Amino acid sequence: MAIVKPFKGIRPPQSLVERVESRPYDVLSSDEARHEAAGNEMSLYHITMPEIDFDDSVSDGDPRVYEKAAQNFKKFLDNKWLVQDDKECYYIYAQTMKGRTQYGIVLGAYVNDYLNGVIKKHELTRRDKEEDRMRNVRICNANIEPVFLAYPDNAVLDAILRKYADKECVYDFIAPIDGFRHQLWVVSDDADIKTITEEFAKMPAMYIADGHHRSAAAALVGAEKARQNPHHTGKEEYNYFMAACFQASQLTVLDYNRVVKDLNGLSSETFLEKLAVNFDVECEGVETYHPKQLHEFSLYLDGKWYKLTAKSGTYDDTDPIGVLDVDISSRLILQDILEIGDLRSSKRIDFVGGLRGLEELKRRVDSGEMRAALALYPVTMKQIMDIADSGKIMPPKATWFEPKLRSGLVIHKLD
(Lines give C-alpha, C1' and ligand atoms only; values in the text may rest on other atoms or scores of the structure.)
Protein backbone atom coordinates (compact mmCIF):
# COMPACT_ATOMS: atom_id res chain seq x y z
CA MET A 1 0.00 0.00 0.00
CA ALA A 2 1.11 3.57 -0.68
CA ILE A 3 1.29 5.82 2.36
CA VAL A 4 0.65 9.52 1.73
CA LYS A 5 -0.24 12.53 3.84
CA PRO A 6 -1.32 16.16 3.46
CA PHE A 7 1.13 18.86 4.49
CA LYS A 8 1.28 22.58 5.27
CA GLY A 9 2.40 23.84 1.90
CA ILE A 10 4.55 26.93 1.53
CA ARG A 11 3.19 28.94 -1.39
CA PRO A 12 3.42 32.36 -3.00
CA PRO A 13 0.49 34.76 -2.59
CA GLN A 14 -1.79 34.63 -5.60
CA SER A 15 -0.54 38.00 -6.82
CA LEU A 16 3.09 36.82 -6.87
CA VAL A 17 2.87 33.28 -8.23
CA GLU A 18 3.87 34.27 -11.77
CA ARG A 19 6.98 36.03 -10.46
CA VAL A 20 7.99 33.09 -8.25
CA GLU A 21 7.22 30.06 -10.45
CA SER A 22 9.96 28.53 -12.59
CA ARG A 23 10.92 25.56 -14.70
CA PRO A 24 12.45 22.50 -12.96
CA TYR A 25 16.15 22.90 -12.25
CA ASP A 26 17.17 20.00 -14.48
CA VAL A 27 15.66 21.16 -17.79
CA LEU A 28 17.79 24.25 -18.32
CA SER A 29 21.34 25.49 -17.92
CA SER A 30 22.60 28.00 -15.38
CA ASP A 31 22.93 30.59 -18.14
CA GLU A 32 19.31 30.03 -19.20
CA ALA A 33 18.15 30.33 -15.58
CA ARG A 34 20.19 33.52 -15.18
CA HIS A 35 18.52 34.95 -18.28
CA GLU A 36 14.98 33.93 -17.21
CA ALA A 37 15.47 35.35 -13.70
CA ALA A 38 17.03 38.63 -14.87
CA GLY A 39 15.44 41.56 -13.06
CA ASN A 40 13.25 39.27 -10.93
CA GLU A 41 14.46 38.80 -7.37
CA MET A 42 11.40 36.62 -6.66
CA SER A 43 12.27 33.93 -9.20
CA LEU A 44 12.54 30.49 -7.60
CA TYR A 45 15.77 29.98 -9.53
CA HIS A 46 17.45 31.96 -6.75
CA ILE A 47 16.72 28.94 -4.53
CA THR A 48 16.86 26.00 -6.95
CA MET A 49 19.81 27.28 -9.01
CA PRO A 50 21.46 29.89 -6.77
CA GLU A 51 24.63 29.87 -8.84
CA ILE A 52 22.84 32.54 -10.90
CA ASP A 53 23.63 34.97 -8.06
CA PHE A 54 27.37 34.54 -8.66
CA ASP A 55 29.59 35.22 -11.63
CA ASP A 56 30.82 32.45 -13.89
CA SER A 57 33.96 31.91 -11.80
CA VAL A 58 31.86 30.24 -9.07
CA SER A 59 30.83 26.69 -9.98
CA ASP A 60 27.37 25.36 -9.18
CA GLY A 61 28.98 22.87 -6.77
CA ASP A 62 30.69 25.54 -4.67
CA PRO A 63 29.59 25.42 -0.99
CA ARG A 64 28.74 29.12 -1.23
CA VAL A 65 26.09 28.29 -3.81
CA TYR A 66 24.22 25.96 -1.45
CA GLU A 67 24.52 28.46 1.40
CA LYS A 68 23.02 31.06 -0.92
CA ALA A 69 20.04 28.76 -1.55
CA ALA A 70 19.26 28.70 2.17
CA GLN A 71 19.76 32.47 2.50
CA ASN A 72 17.44 33.11 -0.43
CA PHE A 73 14.80 30.70 0.88
CA LYS A 74 14.82 32.57 4.21
CA LYS A 75 14.59 35.86 2.33
CA PHE A 76 11.53 34.64 0.42
CA LEU A 77 9.86 33.64 3.70
CA ASP A 78 10.83 36.84 5.54
CA ASN A 79 9.51 38.98 2.68
CA LYS A 80 6.25 36.96 2.51
CA TRP A 81 6.96 36.01 -1.10
CA LEU A 82 6.29 32.52 0.24
CA VAL A 83 3.76 31.88 3.02
CA GLN A 84 2.99 28.60 4.81
CA ASP A 85 -0.60 27.32 5.00
CA ASP A 86 -2.04 26.99 8.51
CA LYS A 87 -3.56 23.56 7.86
CA GLU A 88 -2.25 20.35 6.34
CA CYS A 89 -3.75 20.13 2.87
CA TYR A 90 -3.52 18.29 -0.39
CA TYR A 91 -3.20 20.34 -3.57
CA ILE A 92 -4.70 19.63 -6.96
CA TYR A 93 -2.49 20.68 -9.85
CA ALA A 94 -3.69 20.88 -13.46
CA GLN A 95 -1.58 21.29 -16.59
CA THR A 96 -3.06 22.06 -19.99
CA MET A 97 -1.01 21.44 -23.12
CA LYS A 98 -2.48 21.92 -26.59
CA GLY A 99 -6.05 21.76 -25.31
CA ARG A 100 -5.50 18.62 -23.20
CA THR A 101 -5.58 18.84 -19.39
CA GLN A 102 -4.11 16.43 -16.84
CA TYR A 103 -4.93 16.64 -13.14
CA GLY A 104 -2.59 15.61 -10.34
CA ILE A 105 -2.49 15.62 -6.54
CA VAL A 106 0.44 17.22 -4.71
CA LEU A 107 1.07 15.27 -1.51
CA GLY A 108 3.60 13.99 0.96
CA ALA A 109 4.96 10.65 -0.30
CA TYR A 110 6.42 8.25 2.25
CA VAL A 111 10.23 7.95 2.31
CA ASN A 112 10.09 4.24 3.20
CA ASP A 113 7.83 3.59 0.20
CA TYR A 114 10.69 4.77 -2.01
CA LEU A 115 13.30 2.78 -0.08
CA ASN A 116 11.28 -0.46 -0.08
CA GLY A 117 10.07 -0.26 -3.68
CA VAL A 118 6.41 0.71 -3.30
CA ILE A 119 7.42 3.83 -5.24
CA LYS A 120 8.99 2.20 -8.28
CA LYS A 121 11.72 3.56 -10.51
CA HIS A 122 12.66 2.74 -14.11
CA GLU A 123 15.95 4.63 -14.48
CA LEU A 124 19.37 4.53 -12.87
CA THR A 125 20.58 7.58 -10.98
CA ARG A 126 24.05 9.10 -10.74
CA ARG A 127 25.45 9.67 -7.27
CA ASP A 128 26.89 13.10 -8.13
CA LYS A 129 23.48 14.34 -9.28
CA GLU A 130 21.81 12.82 -6.22
CA GLU A 131 24.29 14.57 -3.93
CA ASP A 132 23.69 17.93 -5.60
CA ARG A 133 19.97 17.81 -4.82
CA MET A 134 20.59 16.27 -1.39
CA ARG A 135 22.73 19.28 -0.48
CA ASN A 136 19.96 21.62 -1.62
CA VAL A 137 17.32 19.73 0.39
CA ARG A 138 19.54 19.54 3.46
CA ILE A 139 20.50 23.20 3.61
CA CYS A 140 16.97 24.46 2.85
CA ASN A 141 15.41 21.76 5.05
CA ALA A 142 12.69 21.54 2.42
CA ASN A 143 11.63 19.91 -0.82
CA ILE A 144 11.64 23.00 -3.00
CA GLU A 145 10.53 21.14 -6.14
CA PRO A 146 8.11 18.20 -6.45
CA VAL A 147 8.83 14.75 -7.77
CA PHE A 148 6.61 13.63 -10.68
CA LEU A 149 4.81 10.34 -9.88
CA ALA A 150 2.17 8.29 -11.71
CA TYR A 151 -0.46 6.10 -10.10
CA PRO A 152 -2.90 3.51 -11.48
CA ASP A 153 -6.20 5.04 -12.56
CA ASN A 154 -8.63 5.41 -9.67
CA ALA A 155 -12.31 6.32 -10.15
CA VAL A 156 -12.77 7.76 -6.64
CA LEU A 157 -9.76 10.07 -6.96
CA ASP A 158 -10.82 11.00 -10.48
CA ALA A 159 -14.21 12.12 -9.12
CA ILE A 160 -12.51 14.34 -6.52
CA LEU A 161 -10.23 15.84 -9.17
CA ARG A 162 -13.18 16.65 -11.40
CA LYS A 163 -15.14 18.14 -8.50
CA TYR A 164 -12.35 20.60 -7.78
CA ALA A 165 -11.83 21.33 -11.47
CA ASP A 166 -15.32 22.89 -11.45
CA LYS A 167 -14.36 25.23 -8.61
CA GLU A 168 -12.38 28.44 -8.69
CA CYS A 169 -8.66 27.79 -8.39
CA VAL A 170 -6.09 29.76 -6.38
CA TYR A 171 -3.56 29.92 -9.23
CA ASP A 172 -4.23 30.11 -12.95
CA PHE A 173 -1.52 31.27 -15.35
CA ILE A 174 0.13 30.59 -18.70
CA ALA A 175 3.83 29.79 -18.44
CA PRO A 176 5.69 32.17 -20.77
CA ILE A 177 8.38 29.72 -21.85
CA ASP A 178 6.03 27.13 -23.40
CA GLY A 179 2.54 28.61 -23.39
CA PHE A 180 1.07 25.84 -21.23
CA ARG A 181 -1.59 26.57 -18.62
CA HIS A 182 -1.08 25.75 -14.92
CA GLN A 183 -3.76 25.77 -12.20
CA LEU A 184 -3.79 24.89 -8.50
CA TRP A 185 -6.57 24.19 -5.99
CA VAL A 186 -6.18 23.73 -2.22
CA VAL A 187 -7.90 20.67 -0.71
CA SER A 188 -8.60 21.60 2.91
CA ASP A 189 -11.89 19.72 3.35
CA ASP A 190 -11.40 16.98 5.97
CA ALA A 191 -13.64 14.47 4.20
CA ASP A 192 -11.77 14.90 0.90
CA ILE A 193 -8.42 14.67 2.66
CA LYS A 194 -9.49 11.42 4.33
CA THR A 195 -10.72 9.95 1.03
CA ILE A 196 -7.51 10.81 -0.82
CA THR A 197 -5.36 9.25 1.92
CA GLU A 198 -7.50 6.10 1.98
CA GLU A 199 -7.54 5.66 -1.80
CA PHE A 200 -3.75 5.85 -2.08
CA ALA A 201 -3.53 3.31 0.74
CA LYS A 202 -5.28 0.82 -1.55
CA MET A 203 -2.63 1.12 -4.26
CA PRO A 204 0.07 -1.55 -4.44
CA ALA A 205 2.52 0.85 -6.10
CA MET A 206 3.24 4.30 -7.50
CA TYR A 207 5.71 5.02 -10.29
CA ILE A 208 8.34 7.68 -10.82
CA ALA A 209 7.56 9.35 -14.12
CA ASP A 210 10.14 12.13 -14.02
CA GLY A 211 12.63 13.26 -11.40
CA HIS A 212 14.55 10.13 -10.42
CA HIS A 213 17.38 12.19 -8.92
CA ARG A 214 14.97 14.41 -6.99
CA SER A 215 13.21 11.27 -5.69
CA ALA A 216 16.44 9.67 -4.57
CA ALA A 217 17.73 12.87 -2.98
CA ALA A 218 14.49 13.56 -1.10
CA ALA A 219 14.21 10.00 0.20
CA LEU A 220 17.87 9.73 1.17
CA VAL A 221 17.78 13.00 3.11
CA GLY A 222 14.63 11.84 4.91
CA ALA A 223 16.30 8.56 5.84
CA GLU A 224 19.41 10.44 6.90
CA LYS A 225 17.41 12.68 9.23
CA ALA A 226 15.74 9.62 10.76
CA ARG A 227 19.11 8.05 11.54
CA GLN A 228 20.43 11.27 13.06
CA ASN A 229 17.45 11.86 15.33
CA PRO A 230 17.80 9.93 18.62
CA HIS A 231 14.12 10.59 19.33
CA HIS A 232 12.85 9.52 15.92
CA THR A 233 9.24 8.31 16.04
CA GLY A 234 8.38 7.89 12.36
CA LYS A 235 5.80 10.66 12.47
CA GLU A 236 8.17 13.53 11.67
CA GLU A 237 7.62 15.58 8.53
CA TYR A 238 10.99 14.50 7.11
CA ASN A 239 9.53 11.01 6.70
CA TYR A 240 7.72 12.38 3.65
CA PHE A 241 8.75 14.18 0.50
CA MET A 242 6.71 16.26 -1.90
CA ALA A 243 5.33 14.62 -5.03
CA ALA A 244 2.87 15.61 -7.75
CA CYS A 245 0.97 12.42 -8.61
CA PHE A 246 -1.01 11.94 -11.83
CA GLN A 247 -3.22 9.16 -13.14
CA ALA A 248 -1.11 7.10 -15.52
CA SER A 249 -3.62 7.22 -18.38
CA GLN A 250 -3.53 11.03 -18.44
CA LEU A 251 0.21 11.36 -18.95
CA THR A 252 1.84 12.17 -22.26
CA VAL A 253 5.17 10.52 -23.05
CA LEU A 254 6.92 12.04 -26.06
CA ASP A 255 9.69 10.62 -28.20
CA TYR A 256 13.26 11.12 -27.00
CA ASN A 257 15.48 11.24 -30.06
CA ARG A 258 19.19 10.90 -30.81
CA VAL A 259 21.72 12.88 -32.86
CA VAL A 260 25.23 11.53 -33.53
CA LYS A 261 28.40 13.41 -34.41
CA ASP A 262 29.91 10.79 -36.72
CA LEU A 263 29.30 7.46 -38.45
CA ASN A 264 32.26 5.72 -36.83
CA GLY A 265 34.40 6.18 -39.94
CA LEU A 266 31.77 4.71 -42.27
CA SER A 267 30.53 6.27 -45.48
CA SER A 268 26.81 6.95 -45.72
CA GLU A 269 26.43 4.08 -48.18
CA THR A 270 28.22 1.58 -45.93
CA PHE A 271 26.25 2.77 -42.91
CA LEU A 272 22.96 2.18 -44.76
CA GLU A 273 24.17 -1.26 -45.89
CA LYS A 274 24.97 -2.23 -42.31
CA LEU A 275 21.55 -0.98 -41.19
CA ALA A 276 19.90 -3.21 -43.80
CA VAL A 277 21.12 -6.34 -41.96
CA ASN A 278 18.60 -5.78 -39.14
CA PHE A 279 16.20 -3.22 -40.63
CA ASP A 280 14.13 -2.76 -43.74
CA VAL A 281 15.45 0.55 -45.06
CA GLU A 282 13.26 2.78 -47.22
CA CYS A 283 14.14 6.27 -48.45
CA GLU A 284 11.28 8.70 -47.79
CA GLY A 285 12.87 11.71 -49.51
CA VAL A 286 13.25 15.23 -48.16
CA GLU A 287 9.89 15.51 -46.37
CA THR A 288 10.11 14.99 -42.61
CA TYR A 289 9.13 11.43 -41.74
CA HIS A 290 7.76 10.53 -38.29
CA PRO A 291 7.81 6.94 -37.00
CA LYS A 292 4.22 5.72 -37.10
CA GLN A 293 4.36 2.62 -34.91
CA LEU A 294 6.45 0.54 -32.53
CA HIS A 295 9.71 -0.83 -34.03
CA GLU A 296 9.74 1.84 -36.73
CA PHE A 297 12.43 4.54 -36.75
CA SER A 298 13.23 7.67 -38.75
CA LEU A 299 16.80 8.34 -39.87
CA TYR A 300 17.92 11.72 -41.19
CA LEU A 301 21.11 11.52 -43.20
CA ASP A 302 22.56 13.66 -46.01
CA GLY A 303 19.41 15.74 -46.37
CA LYS A 304 17.08 12.75 -46.68
CA TRP A 305 14.74 10.86 -44.36
CA TYR A 306 14.71 7.08 -44.18
CA LYS A 307 12.18 4.73 -42.61
CA LEU A 308 13.84 1.90 -40.69
CA THR A 309 11.68 -1.06 -39.68
CA ALA A 310 13.24 -3.58 -37.31
CA LYS A 311 13.15 -7.08 -38.77
CA SER A 312 11.48 -9.96 -36.99
CA GLY A 313 13.87 -11.67 -34.60
CA THR A 314 15.78 -8.52 -33.68
CA TYR A 315 13.62 -7.93 -30.61
CA ASP A 316 11.65 -9.90 -28.03
CA ASP A 317 8.03 -8.81 -27.53
CA THR A 318 7.84 -10.87 -24.33
CA ASP A 319 10.73 -9.00 -22.70
CA PRO A 320 9.70 -5.63 -21.17
CA ILE A 321 13.14 -4.23 -22.04
CA GLY A 322 13.82 -6.10 -25.29
CA VAL A 323 10.59 -4.83 -26.83
CA LEU A 324 11.57 -1.18 -26.41
CA ASP A 325 12.70 0.78 -29.44
CA VAL A 326 15.31 2.54 -27.30
CA ASP A 327 16.82 -0.88 -26.61
CA ILE A 328 16.64 -1.98 -30.25
CA SER A 329 18.28 1.20 -31.52
CA SER A 330 20.90 1.19 -28.75
CA ARG A 331 21.92 -2.40 -29.45
CA LEU A 332 21.70 -2.63 -33.22
CA ILE A 333 22.65 0.88 -34.31
CA LEU A 334 24.45 2.86 -31.63
CA GLN A 335 26.49 0.00 -30.19
CA ASP A 336 26.92 -2.57 -32.99
CA ILE A 337 27.45 -0.16 -35.89
CA LEU A 338 28.52 3.18 -34.43
CA GLU A 339 30.32 1.66 -31.42
CA ILE A 340 28.86 4.18 -28.98
CA GLY A 341 28.97 2.30 -25.69
CA ASP A 342 27.91 4.30 -22.64
CA LEU A 343 25.12 6.63 -23.74
CA ARG A 344 25.41 8.58 -20.48
CA SER A 345 29.03 9.58 -20.98
CA SER A 346 29.78 9.45 -24.72
CA LYS A 347 30.53 12.82 -26.31
CA ARG A 348 29.58 11.46 -29.74
CA ILE A 349 25.86 11.49 -29.06
CA ASP A 350 23.25 13.93 -27.83
CA PHE A 351 19.54 13.68 -27.08
CA VAL A 352 16.64 15.85 -28.17
CA GLY A 353 13.31 15.86 -26.30
CA GLY A 354 10.28 15.27 -28.45
CA LEU A 355 8.67 18.66 -27.83
CA ARG A 356 11.32 20.27 -30.02
CA GLY A 357 10.18 18.15 -32.93
CA LEU A 358 12.00 16.47 -35.79
CA GLU A 359 12.79 19.86 -37.29
CA GLU A 360 15.32 20.30 -34.48
CA LEU A 361 17.00 17.03 -35.52
CA LYS A 362 17.14 18.25 -39.11
CA ARG A 363 18.55 21.61 -38.05
CA ARG A 364 21.36 20.12 -36.02
CA VAL A 365 22.40 17.79 -38.83
CA ASP A 366 22.07 20.40 -41.60
CA SER A 367 24.18 22.84 -39.55
CA GLY A 368 27.07 20.37 -39.61
CA GLU A 369 27.07 20.02 -35.84
CA MET A 370 25.80 16.45 -36.16
CA ARG A 371 26.22 13.81 -38.86
CA ALA A 372 22.89 11.98 -38.54
CA ALA A 373 19.71 11.87 -36.47
CA LEU A 374 17.50 9.03 -35.29
CA ALA A 375 13.86 9.53 -34.26
CA LEU A 376 12.04 6.91 -32.16
CA TYR A 377 8.41 6.03 -31.59
CA PRO A 378 7.63 7.06 -27.98
CA VAL A 379 7.36 4.50 -25.19
CA THR A 380 4.00 4.14 -23.46
CA MET A 381 3.14 4.61 -19.81
CA LYS A 382 2.19 0.93 -19.70
CA GLN A 383 5.67 -0.06 -20.87
CA ILE A 384 7.22 2.14 -18.18
CA MET A 385 5.03 0.60 -15.48
CA ASP A 386 5.67 -2.95 -16.74
CA ILE A 387 9.42 -2.37 -16.57
CA ALA A 388 9.21 -0.84 -13.10
CA ASP A 389 7.06 -3.78 -11.93
CA SER A 390 9.62 -6.24 -13.32
CA GLY A 391 12.39 -4.57 -11.35
CA LYS A 392 14.34 -3.82 -14.53
CA ILE A 393 15.83 -0.52 -15.65
CA MET A 394 15.15 1.26 -18.94
CA PRO A 395 18.00 2.26 -21.25
CA PRO A 396 19.23 5.85 -20.79
CA LYS A 397 17.24 8.75 -22.23
CA ALA A 398 14.12 6.70 -22.94
CA THR A 399 11.29 8.94 -21.73
CA TRP A 400 10.37 12.58 -22.16
CA PHE A 401 7.28 13.81 -20.33
CA GLU A 402 5.43 16.99 -21.25
CA PRO A 403 4.31 19.28 -19.88
CA LYS A 404 6.98 19.62 -17.22
CA LEU A 405 5.92 20.45 -13.68
CA ARG A 406 6.29 24.09 -12.72
CA SER A 407 8.25 24.68 -9.53
CA GLY A 408 7.34 27.17 -6.83
CA LEU A 409 3.60 26.55 -6.62
CA VAL A 410 4.01 24.52 -3.42
CA ILE A 411 7.03 23.80 -1.21
CA HIS A 412 7.27 21.16 1.54
CA LYS A 413 9.19 21.94 4.73
CA LEU A 414 10.82 18.98 6.50
CA ASP A 415 9.94 20.05 10.04
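Just so it is clear, the structure is predicted and the values come from calculations on it, not from any experiment.
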Within the distance-only criterion (no hydrogens, no angle test), does the side chain of Gln383 pair as donor or acceptor with the backbone N or O of Thr380 below 3.5 angstrom? yes
Verdict with supporting geometry, Arg258 and Ser329, side-chain hydrogen bond (donor to acceptor under 3.5 Å, both in side chains): CA-CA 10 Å; Arg258 286 87 168 99; Ser329 59; 4.6 Å; no
All heavy atoms of Tyr207 vs all of Ala388, minimum pair found to be CD2-CB, 3.7 Å
Ring centres under 6.0 angstrom apart (Tyr93, Tyr171): no
Angle between ring planes, Trp185 versus Tyr103, binned at 30° and 60°: parallel, tilted or perpendicular? tilted
Considering only heavy atoms from C-beta outward, does the side chain of Lys274 approach that of Asn264 to under 4.5 Å? no
Inspect the contact between Arg331 and Asp336 and indicate whether a charged nitrogen and a carboxylate oxygen are less than 4.0 angstrom apart. no
Could you check whether Asp31 pairs with Arg34 (Lys NZ or Arg NE/NH1/NH2 to Asp/Glu carboxylate O, under 4.0 Å)? yes
Candidate list Asp302, Asp350, Asp366, test salt bridge (Lys or Arg N to Asp or Glu O under 4.0 Å), partner Arg371, passing option: Asp302
Please tell me whether Glu296 and Tyr289 have a donor and an acceptor in their side chains that are separated by less than 3.5 angstrom. yes
Between the main-chain N or O of Val118 and the side-chain N or O of Asn116, is there a donor-acceptor pair closer than 3.5 Å? yes
Under 4.0 Å between a Lys/Arg side-chain N and an Asp/Glu carboxylate O for Glu130 and Arg127? yes
What one should report as the nearest heavy-atom pair of Gly61 and Arg135 is O-NH1, 3.5 Å
If only atom types and distance count, is the side chain of Ser367 paired as donor or acceptor with the main-chain N or O of Arg364 below 3.5 Å? yes
Is it true that Glu145 and Tyr25 share a donor-acceptor pair across their side chains at a distance under 3.5 Å? no
Ring centres under 6.0 Å, that's the criterion: do His412 and Tyr240 meet it? no
Applying side-chain contact (heavy atoms from CB on, under 4.5 Å) to Met381 and Ser249, what does each step give before you reach the verdict? CA-CA 7 Å; Met381 200 58 221; Ser249 65; over 6 Å; no
Which heavy atom in Leu361 sits nearest to a heavy atom in Ala375, and how many Å separate them? CD1-CB, 4.0 Å
Lys404, NZ: over 12 other non-hydrogen atoms inside 6.0 angstrom: yes
Does Lys163 have more than 12 heavy atoms from other residues, nucleotides or ligands lying within 6.0 Å of its NZ? yes
Ser330 side chain to Asp327 main-chain N or O, any donor-acceptor pair under 3.5 Å? no
Please check if the number of heavy atoms outside Lys121 that lie under 6.0 Å from its NZ is greater than 12. no
Could you point out which residue of His182, Arg181, Gln14 forms a side-chain contact (heavy atoms from CB on, under 4.5 Å) with Phe173? His182
Sub-6.0 Å ring centroid separation between Tyr91 and Phe7: yes
List the steps, then state whether side-chain contact (heavy atoms from CB on, under 4.5 Å) holds for Leu44 with Arg406. CA-CA 10 Å; Leu44 197 77; Arg406 299 305 284 193; over 6 Å; no
Are Glu359 and Lys362 close enough for a salt bridge, meaning some N to O gap below 4.0 Å? no
Give me the ring orientation class for Phe200 and Tyr151: parallel if the planes are under 30° apart, tilted from 30 to 60°, perpendicular past 60°. perpendicular
Is there a donor-acceptor pair under 3.5 Å between the side chain of Glu88 and the backbone N or O of Lys5? no
Side chain of His212, backbone of Leu124: donor and acceptor closer than 3.5 Å? no
With the threshold set at 4.0 Å, does a side-chain nitrogen-carboxylate oxygen contact exist between Arg138 and Glu131? yes
Can you tell me if Tyr238 and Asn141 form a side-chain donor-acceptor pair at under 3.5 Å? no
Evaluate the side-chain proximity of Val187 to Ile160: yes if any heavy-atom separation is below 4.5 Å, no if none is. no
Do His295 side-chain atoms and Thr309 backbone N/O form a donor-acceptor pair below 3.5 Å? no
For the pair Glu360 and Arg363, evaluate salt bridge (charged side-chain N to carboxylate O under 4.0 Å, His left out) and give the outcome as yes or no after the intermediate values. CA-CA 5 Å; Glu360 175 67 7; Arg363 184 194 69 78; 2.9 Å; yes
For atom NZ of Lys98, decide whether the heavy atoms of other residues, nucleotides or ligands shown that lie under 6.0 angstrom number more than 12. no
State, with a plain yes or no, whether a side-chain heavy atom of Trp305 is found less than 4.5 Å away from one of Leu358. yes
Where the side chain of Asp210 meets the backbone of Glu402, is there a donor-acceptor pair that is under 3.5 Å apart? no
Is Lys413 salt-bridged to Glu237, going by a charged N under 4.0 Å from an acidic O? no
When you check the gap from the basic side-chain N to the acidic O, do Asp26 and Arg133 get nearer than 4.0 Å? no
Name the orientation class of the two ring planes belonging to Tyr114 and Phe241 (parallel below 30°, tilted from 30 to 60°, perpendicular beyond 60°). perpendicular
Decide side-chain contact (heavy atoms from CB on, under 4.5 Å) for Leu405 and Gln95; before the verdict, give the C-alpha distance in whole Å, the side-chain angles of both, and the deciding distance to 0.1 Å. CA-CA 8 Å; Leu405 303 178; Gln95 302 172 299; 3.8 Å; yes
Decide whether Asp192 and Tyr164 meet the rule of one side-chain donor and one side-chain acceptor closer than 3.5 Å. yes
Testing the basics here: between Glu36 and Ile177, what is the closest heavy-atom pair and its distance to 0.1 Å? OE2-CD1, 3.7 Å
Minimum heavy-atom distance between Pro12 and Gly408, given as atom pair plus value: CD-O, 3.1 Å
Does NZ belonging to Lys347 count more than 12 external heavy atoms closer than 6.0 Å? no
Heavy-atom closest contact (Ala37 atom, His46 atom, distance): CB-NE2, 4.2 Å
With a 3.5 Å cut-off and no angle check, do the side chains of Asn278 and Thr314 form a donor-acceptor pair? no
Could you tell me whether Lys311 atom NZ has more than 12 heavy atoms of other residues or ligands within 6.0 Å of it? yes
Evaluate the criterion side-chain hydrogen bond (donor to acceptor under 3.5 Å, both in side chains) for residue pair Asp325 and Tyr315; output intermediate values, then yes/no. CA-CA 9 Å; Asp325 285 348; Tyr315 52 86; over 6 Å; no
Quick test of your reading of the model: are Arg162 and Asp166 salt-bridged, counting only N-O distances below 4.0 Å? no
When you look at NZ of Lys304, are more than 12 heavy atoms from neighbouring residues, nucleotides or ligands closer to it than 6.0 Å? no
If you measure from SG on Cys89 to CD1 on Ile193, what distance do you get to the nearest 0.5 Å? 5.5 Å
Within the side chain of Asp255, is there an N or O that forms a donor-acceptor pair under 3.5 Å with the backbone of Asn257? no
side-chain contact (heavy atoms from CB on, under 4.5 Å) assessment of Ile393 paired with Ile387: CA-CA 7 Å; Ile393 297 297; Ile387 288 165; 6.0 Å; no
Gap between atom CG of Leu324 and atom CG of Asp386 - 0.5 Å precision: 9.5 Å
When you measure from the side chain of Asp178 to the backbone of Pro403, do you find a donor-acceptor pair of N or O atoms at a distance under 3.5 Å? no
